[in-house]
Amino acid sequence: MAKLDIITLPDRKLRLKSAPVERVDDDLRKLMDSMMETMYAAPGIGLAAVQVGIPRRVVTVDVAQREDETAEPDPMFLINPKILWSSDERTTTEEGCLSIPEYFAEVERAAEVRVAYLDRDGKPREIEANGIMAVVLQHEIDHLDGKLFIDYLSKLKRDMVIKKFAKQQRLGPKPLAL
Ligand SMILES: [Zn+2]
């Protein structure tokens with residue numbers, strides 16, 4: 001396992017549509033383990049492969065410790081995840097993204113979803129999720145289609161965020177204050 005670099009705005013790779021995984025093998029499992037390690041270290045509760053620069057339809061999730069820090073980890077690997085159904089009921093949550101550091105905004109999404117995916121053994125599975133899990137799944141599946149949570153904000157707000165990150169990149173790393 002190895003910790004991977006998470007790409008951030010304005011990296012254009014974040015807008016790529018990820019390709020479906022055709023074979024679940026040890027190489028893929030190695031990538032998923034590295035993604036999980038990267039996600040925990042960030043720390044984050046969800047990560048899509050494209051966020052480490054690999055546009056394949058792979059997602060890691062662990063929401064176990066979000067509400068209870070002492071809870072056992074509950075790592076989940078989703079390959080080719082697809083939303084089969086989403087509820088009409090909506091929910092609004094303050095979201096952030098490891099690829100848009102230190103920016104948070106309220107986003108409205110379906111309150112409940114049913115998602116089909118392959119697990120790390122390549123076995124087809126389905127999950128019905130609500131609460132934070134439903135939000136994370138929708139956020140990560142959006143990443144696989146090149147979509148970011150700021151796309152749900154007003155154009156004005158979104159442009160402000162994009163401009164801020166573009167400017168940061170132009171200026172380069174902050175000088176050391178000695
Ligand atoms: Zn994200």
Side-chain angles (χ1 to χ4, degrees), residues 2-21 28 31-67 73-83 86 90-113 115-118 120 127 129-155 157-169:
K3 228 181 99 207
L4 306 165
D5 287 329
I6 296 176
I7 60 173
T8 55
L9 276 185
D11 196 314
R12 282 158 178 248
K13 270 195 191 154
L14 289 168
R15 293 304 188 176
L16 290 176
K17 194 169 159 67
S18 294
V21 170
L28 186 76
L31 166 67
M32 291 191 295
D33 288 339
S34 295
M35 281 174 59
M36 192 63 83
E37 190 186 337
T38 305
M39 185 189 89
Y40 284 136
I45 57 174
L47 187 72
V50 69
Q51 293 181 273
V52 292
I54 301 169
R56 301 178 73 188
R57 301 188 87 79
V58 179
V59 164
T60 57
V61 172
D62 189 343
V63 299
Q65 291 173 334
R66 196 182 136 88
E67 258 133 46
D74 185 17
M76 198 178 158
F77 303 90
L78 299 99
I79 301 160
N80 298 341
K82 192 179 170 209
I83 295 176
S86 29
R90 314 280 289 171
T91 182
T92 301
T93 315
E94 184 167 65
E95 292 187 26
C97 179
L98 293 175
S99 295
I100 311 173
E102 289 163 46
Y103 182 77
F104 302 90
E106 295 211 318
V107 176
E108 191 193 291
R109 297 183 187 271
E112 253 182 278
V113 288
V115 173
Y117 64 99
L118 301 177
R120 59 180 282 134
I127 179 176
N130 56 26
I132 193 70
M133 188 63 164
V135 172
V136 174
L137 289 174
Q138 291 172 83
H139 178 120
E140 300 310 328
I141 292 170
D142 273 353
H143 270 303
L144 304 182
D145 294 319
K147 192 162 185 178
L148 301 170
F149 83 94
I150 54 171
D151 298 348
Y152 295 96
L153 309 180
S154 68
K155 188 177 180 318
K157 270 193 191 167
R158 185 170 60 246
D159 286 349
M160 263 168 54
V161 180
I162 291 169
K163 220 183 267 172
K164 185 183 134 198
F165 279 89
K167 192 174 158 197
Q168 266 173 15
Q169 194 198 38

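One-based numbering, in listed order, for ligands and for the atoms of each. Computation of the quantities below employed the complete heavy-atom set of this structure, encompassing side-chain atoms and omitting hydrogens, waters and symmetry-equivalent molecules. Owing to the predicted nature of the structure, the values given are computational and were not obtained by experimental measurement.
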*Asks:* Spell out the protein N/O/S atoms under 2.8 Å from the Zn ion (ligand 1) as residue plus atom name.
*Replies:*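 Under 2.8 Å from the Zn ion (ligand 1) - ignoring waters, which are not counted - the protein N, O or S atoms are Cys97 SG, His139 NE2, His143 NE2.
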*Asks:* Take atom CZ of Arg90 as the centre, draw a 6.0 Å sphere, and report whether it contains more than 12 heavy atoms from other residues, nucleotides or ligands.
*Replies:*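 Enclosed.
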*Asks:* At what distance, to the nearest 0.5 angstrom, does SG of Cys97 lie from NE2 of His143?
*Replies:*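 If we round to the nearest 0.5 Å, Cys97:SG and His143:NE2 are 3.5 Å apart.
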*Asks:* Side-chain polar contacts of residues 158-165 - donor-acceptor pairs under 3.5 angstrom, sequence neighbours left out - could you list them?
*Replies:*
| residue | atom | partner | partner atom | Å |
| --- | --- | --- | --- | --- |
| Arg158 | NH1 | Asp151 | O | 3.4 |
| Arg158 | NH1 | Leu153 | O | 3.2 |
| Asp159 | OD2 | Lys155 | NZ | 2.7 |

*Asks:* With distance as the sole test, does Gln169 use its side chain to make a donor-acceptor pair with the main-chain N or O of Ala166 at under 3.5 Å?
*Replies:*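 Checking the backbone N and O of Ala166 against the side chain of Gln169, no donor-acceptor pair under 3.5 Å is found.
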*Asks:* Between Tyr152 and Lys157, is there a cation-pi geometry (under 6.0 Å to ring centre, at most 45° from the normal)?
*Replies:*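 Judged by the rule, Lys157 and Tyr152 form no cation-pi pair.
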*Asks:* Ignoring hydrogens, what is the shortest heavy-atom contact between Glu37 and Ala2? Give both atom names and the distance.
*Replies:*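 So the two residues come closest at OE1-N, 3.6 Å.
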